[in-house]
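Worksheet: one structure, shown below.
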Amino acid sequence: MRWAADAVATMREGARVRLDYSAQSLWRVDRMIEEIRREGAPYAAVESVLRGFGAYAGEVIVRQAGAEWWATGGEHWVRTPDGRLWDPIDEARRCYGGHGSLRLLCRDATAPG
């Protein structure tokens, strides 16, 4: 997904953080979202960054679990082979609100259902 690739490029160039599509890399993403939240950036200012982080987490799930992207009505989900649907972009928003974790979402999505 394009948003995921953009997030990887932005982090590599701007923050000097390498994201390699591994489940472990989501620790760094969760920490980056927490840092942005602590800085008090308004949601509107970070909305596209959060979408990129969520797309990145979704792409990690796709690669780790053999899942696929589903889109309808402008919303994007990841569907794992067992049929479960996951919303990593919304989870990134929840992280920014202090109530989510992309790392834990990936762990749950890639666990046998």
Non-neighbouring partners of [X] that pass side-chain hydrogen bond (donor to acceptor under 3.5 Å, both in side chains), sequence neighbours left out:
| X | answer |
| --- | --- |
| Arg94 | Glu91 |
| Arg51 | none |
| Arg31 | none |
| Trp27 | none |

What are the two closest heavy atoms between [X] and [Y], and how far apart are they?
| X | Y | value |
| --- | --- | --- |
| Pro81 | Gly66 | CG-O, 3.5 Å |
| Thr80 | Ala109 | CG2-O, 3.5 Å |
| Ile61 | Ala67 | O-CB, 4.0 Å |
| Ala55 | Ile89 | N-CG1, 3.9 Å |
| Ala23 | Cys106 | CB-SG, 4.0 Å |

### Task
Report yes if some heavy atom in the side chain of Pro88 is under 4.5 Å from a heavy atom in the side chain of Leu105; otherwise report no.
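A side-chain contact exists here, since the closest heavy-atom pair is under 4.5 Å.
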### Query
Just wondering, do Ile33 and Leu50 contact through their side chains at under 4.5 Å, heavy atoms?
yes
Measuring from [X]:[atom1] to [Y]:[atom2], what's the distance to the nearest 0.5 Å?
| X | Y | atom1 | atom2 | value |
| --- | --- | --- | --- | --- |
| Ser22 | Gln64 | OG | CD | 7.0 Å |
| Gln24 | Leu19 | CD | CG | 12.5 Å |
| Asp108 | Arg84 | CG | CZ | 7.5 Å |

### Message
Before you tell me yes or no, could you show the steps for Val78 and Val62 under side chain to side chain contact (heavy atoms under 4.5 Å, CB included), namely the whole-Å CA-CA distance, both residues' side-chain angles and the distance that decides it to 0.1 Å?
### Response
CA-CA 7 Å; Val78 171; Val62 165; 4.0 Å; yes
### Message
Under the criterion side chain to side chain donor-acceptor pair (under 3.5 Å), I'd like the reasoning laid out for Glu59 against Trp69: C-alpha separation, chi angles, the key distance, then a yes or no.
### Response
CA-CA 8 Å; Glu59 192 61 25; Trp69 281 99; 2.9 Å; yes
Kindly list each side-chain donor-acceptor pair under 3.5 angstrom involving residues 97-104, sequence neighbours excluded, with atom names and distances?
from: His99; atom 1: NE2; to: Gly97; atom 2: O; distance (Å): 3.2
from: Ser101; atom 1: OG; to: Asp30; atom 2: OD2; distance (Å): 2.7
from: Ser101; atom 1: OG; to: Arg103; atom 2: N; distance (Å): 3.4
from: Ser101; atom 1: OG; to: Leu104; atom 2: N; distance (Å): 3.1

### Message
One pair to check against side chain to side chain contact (heavy atoms under 4.5 Å, CB included): Met32 and Phe53. What are the steps and the verdict?
### Response
CA-CA 10 Å; Met32 285 186 277; Phe53 283 151; 4.3 Å; yes
For residues 37-46, tabulate all N or O donor-acceptor pairs below 3.5 Å that involve a side-chain atom, not counting sequence neighbours.
from: Arg37; atom 1: NE; to: Glu34; atom 2: OE1; distance (Å): 3.2
from: Arg37; atom 1: NH2; to: Glu34; atom 2: OE1; distance (Å): 2.9
from: Arg37; atom 1: NH2; to: Glu34; atom 2: OE2; distance (Å): 3.1
from: Arg38; atom 1: NE; to: Glu34; atom 2: OE2; distance (Å): 3.3
from: Tyr43; atom 1: OH; to: Arg93; atom 2: NE; distance (Å): 3.1

### Task
Take the angle between the ring planes of Tyr21 and Tyr56 and call it parallel below 30°, perpendicular above 60°, tilted in between.
tilted
